[in-house]
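The structure appears right after this line, and notes come after that.
It should be emphasised that the depicted structure is a prediction, and the values quoted were computed from it without experimental measurement. Reminder, nothing fancy here: chain letters follow the sequence lines and each chain counts from 1.
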2 protein chains.
Amino acid sequence: MQSAPHIVVVDDHGDIRDLVGKYLAQQGYRISVAESGTALRRILERGAPDPIVLDVMMPGEDGLSVCRQLRSTMQLPIIFLTAMADDTDRIIGLELGADDYLTKPFNPRELLARIRAVLRRVNSLPPNREAIKAKTVQFDHWQLDVGRRELIGGDGVGIALSTAEFRLLKAFLEHPGLVLSRDQLLDLTAGRSADCFDRSIDNQVSRLRKKIELDPKNPAIIKTHWGGGYSFSAEIASA
Amino acid sequence: MQSAPHIVVVDDHGDIRDLVGKYLAQQGYRISVAESGTALRRILERGAPDPIVLDVMMPGEDGLSVCRQLRSTMQLPIIFLTAMADDTDRIIGLELGADDYLTKPFNPRELLARIRAVLRRVNSLPPNREAIKAKTVQFDHWQLDVGRRELIGGDGVGIALSTAEFRLLKAFLEHPGLVLSRDQLLDLTAGRSADCFDRSIDNQVSRLRKKIELDPKNPAIIKTHWGGGYSFSAEIASA
DNA sequence: GCCGTTTGTCGCAGAGTTGTGCCTGACCAA
DNA sequence: TTGGTCAGGCACAACTCTGCGACAAACGGC
């Protein structure tokens, strides 16, 4: 959680700039807005922002050419806004190196979700599939059957895990001991659903704890790091 | 600490100039006041100040145009004062290159906080992530596990660090030996909360010392530089 | 189409952390 | 030595973060 990310919104419509800017500022981001590619370049001179939200359709220089030009000089995450729901344009945008796109009219919440996803990806951990090549993994008094997505207790009794629980547990097993932020966990659990409220991770952790911890109130396997995230602190042995 | 920063307050209201000027002078800053853009330019001829506090609404030439003109000729931190609580205007200010803004009526303390934040940003140290690419760092009789956010003592016993403690220690490890001012430390520890009273750093240092120093009363690792800040003076080896 | 399961969201209460006030003691300059 | 400023440290308060129960929406099987 470094200092708040800096987002630049580029759109020729004042009302969209207002709406988006206001909403994102409210969410704690540092916002700059620009009405054209030229104005954007002026902002960029004063330091690189984290992601850029860029309208495709603008009079004069359009978003695609701005993107093309930016990409040639610097590595910046770009999220496109486009009025055209036509897939062709989406694909062109992504081909140019956009990290994501959104078609108007859009829900501000969804934009927020995309932005967070992009930011997550930028700070993402390298994957570590090695740890889990094995068919079963042992930790604490459990044995995880990766294929069956099932936990087997010391007494041989199996407990079924839901998809999300299994993904979360796998993310932990692939990065044992590390303190993982909620954003990283969202990323690791293949945060397919563009959900933005990372409190959902809290809930998943809570549910998982209820299944695997002897005493869920005093968790011994998944530890909480106040202000930091969670870590998996049990010994792991793959078989 | 170098010589006190020089702040120019530009507002057409005499009472605000007095109030703000008096308060900031009391805090140890060198203050100039101006009632208009013309007066500001006269002050600027005599040397560039550090930040400018600029009212948006002024008769004649307003703050926005003053800002636009300043930005075209020199690189100066600008903090806007605006009576309009409307977010649109805030964003317009940022678009023009303001570094921060404040809506009237404002708390002088908050203005102070913003000024300090801007000054911190201007004097900020370049980040030095290289030093800590390694997974663990050794110093004194400790070994810091960066991923686990844990200190391991010579006896192998781990000590958990809180988020703020970990950030502070990391800041020190990334700039070993350097005397870091409280402002720089606030900046390095991602001083998210724009709190102005740097005594909080003292407290963090105190808490950290209690955890890592053999004798917290006679600190050997984190040294105090009277009137200057703190420095990390242990040998560091990354593994 | 209905129903059970899963999963995200909300809201509140509790826990832990972190900032602030205040006092004491250390350091520096006359 | 004396006065002033700055740092250390304690304790409290405020704050933020987290845990979790409850609810609702989404999903999938039948």
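Contact between the side-chain N/O atoms of A:T163 and the OP1/OP2 oxygens of C:dT6 is not found at any separation under 4.0 Å. Taking 4.0 angstrom as the limit, B:T224 places a side-chain polar atom (N or O) nearer than this to OP1 or OP2 of D:dG8. Between B:S206 and the phosphate of D:dG9, there is a side-chain N or O to OP1/OP2 separation shorter than 4.0 Å. Side-chain N/O atoms of A:R182 include one lying less than 4.0 angstrom from OP1 or OP2 on D:dT18. The shortest distance between the side-chain N/O atoms of A:R109 and the OP1/OP2 oxygens of C:dT9 is below 4.0 Å.
Using a 4.0 Å heavy-atom distance criterion, A:R207 is classed as a base contact.
Atom CG of A:L185 and atom C1' of C:dG8 are 16 Å apart (whole Å). For B:E165 and C:dT18, the CD to C1' distance is 10 Å, given to the nearest whole Å. Between B:F166 atom CZ and C:dT17 atom P there is a gap of 16 Å when expressed in whole angstrom units. The CD atom of A:Q204 sits 16 Å away from the C1' atom of D:dT18 (whole-angstrom rounding). Atom NZ of B:K217 is separated from atom C1' of C:dG25 by 10 Å (rounded to the nearest Å). Atom CG in A:N218 sits roughly 12 Å away from atom P in D:dG19 (whole-Å rounding). In this entry the distance linking CG of B:L186 with C1' of C:dT18 reads 12 Å, nearest Å. Atom CG of B:N203 is separated from atom P of C:dC22 by 15 Å (rounded to the nearest Å).
With distances taken from any side-chain atom of B:W226 to the nucleotides C:dT9, C:dT17, C:dC28, the minimum falls on C:dC28. Here the nucleotide nearest the side chain of A:A164, chosen from C:dT7, C:dG11, D:dG8, is C:dT7. For B:Y230, the listed nucleotide lying nearest its side chain is D:dG8; candidates were D:dG8, D:dT18, C:dT9. The side chain of A:K210 sits closest to D:dG21 out of D:dG21, D:dC20, C:dT9.
The closest side-chain donor-acceptor pair between A:D15 and A:H13, if any, does not fall under 3.5 angstrom. With no hydrogens or angles considered, a side-chain donor-acceptor pair links B:R209 and B:T224 at under 3.5 Å. In the model, A:H225 has no side-chain atom that pairs as donor or acceptor with a side-chain atom of B:T163 under 3.5 Å. Of the N and O atoms on the side chains of A:R182 and A:Y230, at least one donor lies less than 3.5 Å from an acceptor on the other residue.
Distance check, rounded to the nearest 0.5 Å: CG of A:L178 to CZ of B:R148 gives 6.5 Å.
For D:dG9, the base has no donor-acceptor partner in the side chain of B:R209 [N/O atoms by modelled type, under 3.5 angstrom].
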